Amino acid sequence: MSKLQVRAFLYQLGCFAILFISARYLIERFTGLTDFWIPLTAFVVGTILSPKFKAVKTEDGEKLYMKWVFAKEVKEIG
């Protein structure tokens with residue numbers, strides 16, 4: 001794995017973790033869900049809402065891109 005691939009993985013993991021923990025807290029606090037439905041629902045929410053990062057080899061070298069459900073276009077990072 002290259003540096004950018006590791007960086008993309010860590011960004012994706014960090015974003016998912018933040019959204020998962022936030023969703024889990026909000027679901028537990030404000031809904032009537034119990035048992036395994038709380039983490040399952042938080043997992044689905046985190047998976048859908050977290051941005052996707054990918055390292056791609058281009059003619060100019062390797063670049064890091066991000067796609068997010070709230071943004072129409074793919075953005076180049078760094």
Side-chain angles (χ1 to χ4, degrees):
M1 288 182 90
S2 69
K3 282 185 175 181
L4 280 180
Q5 288 175 330
V6 171
R7 201 162 139 200
F9 174 74
L10 292 175
Y11 283 166
Q12 194 155 336
L13 180 66
C15 289
F16 172 78
I18 290 168
L19 288 170
F20 175 80
I21 292 167
S22 301
R24 186 178 168 121
Y25 172 76
L26 292 172
I27 290 166
E28 190 173 344
R29 178 122 172 128
F30 296 111
T31 67
L33 295 176
T34 59
D35 298 333
F36 73 96
W37 291 108
I38 295 171
L40 182 66
T41 307
F43 172 78
V44 170
V45 169
T47 302
I48 291 171
L49 295 182
S50 68
K52 311 302 183 248
F53 295 90
K54 189 164 187 173
V56 178
K57 291 183 182 178
T58 63
E59 295 174 359
D60 300 330
E62 199 170 25
K63 294 186 178 182
L64 186 62
Y65 291 96
M66 177 191 82
K67 181 168 177 30
W68 198 22
V69 72
F70 299 115
K72 289 185 179 181
E73 68 277 351
V74 176
K75 294 184 181 180
E76 181 181 341
I77 301 175

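Note that this is a predicted model, so its numbers are computed, not measured. Side-chain atoms are counted along with the backbone in the values below, which use heavy atoms only and exclude waters and symmetry mates.
Listed here is the closest heavy atom pair of Ala8 and Leu64: CB-CD1, 3.4 Å. Closest heavy-atom contact between Trp68 and Leu49: NE1-O, 2.7 Å. The minimum heavy-atom distance between Ala71 and Lys75, with the atom names listed, is CB-CE, 4.3 Å. When every heavy atom of Glu62 is checked against every heavy atom of Leu4, the shortest pair comes out as O-CD1, 3.3 Å.
Between the side chains of Ser50 and Gln12, no donor-acceptor pair of N or O atoms lies under 3.5 Å.
Glu73 places none of its side-chain heavy atoms less than 4.5 Å from the side chain of Lys67.
Distance check: Arg7 CZ to Ser2 OG gives 10.5 Å after rounding to the nearest 0.5 Å. Interatomic distance, CG of Leu10 versus CD of Gln5, reported as 12.0 Å (0.5 Å rounding).
Relative ring orientation between Phe20 and Phe16 is described as parallel, the plane-to-plane angle staying below 30° on a 0-90° scale split at 30° and 60°.
Around the CZ atom of Phe43, the shell of radius 6.0 Å holds no more than 12 heavy atoms that belong to other residues, nucleotides or ligands. Counting non-hydrogen atoms of neighbouring residues, nucleotides and ligands closer than 6.0 angstrom, the NZ atom of Lys54 reaches no more than 12 such neighbours.
Salt bridge annotation for Glu76-Lys63: present, with a cationic side-chain nitrogen under 4.0 angstrom from a carboxylate oxygen.
In terms of hydrophobic clustering, with Ile, Leu, Val, Met, Phe, Trp and Tyr side chains grouped at heavy-atom distances under 4.5 Å, Phe70 and Leu19 are assigned to a common cluster. A single hydrophobic cluster is seen to contain both Leu13 and Met1, as judged by linkage of ILVMFWY side chains at heavy-atom distances under 4.5 Å, directly or through other members. Linking ILVMFWY residues whenever their side-chain heavy atoms come closer than 4.5 Å, directly or via other members, places Val69 and Val45 in the same cluster.
Here Leu33 pairs with Ile27, Thr31, Trp37, Ile38, Thr41 under the side chain to side chain contact (heavy atoms under 4.5 Å, CB included) rule; sequence neighbours left out.
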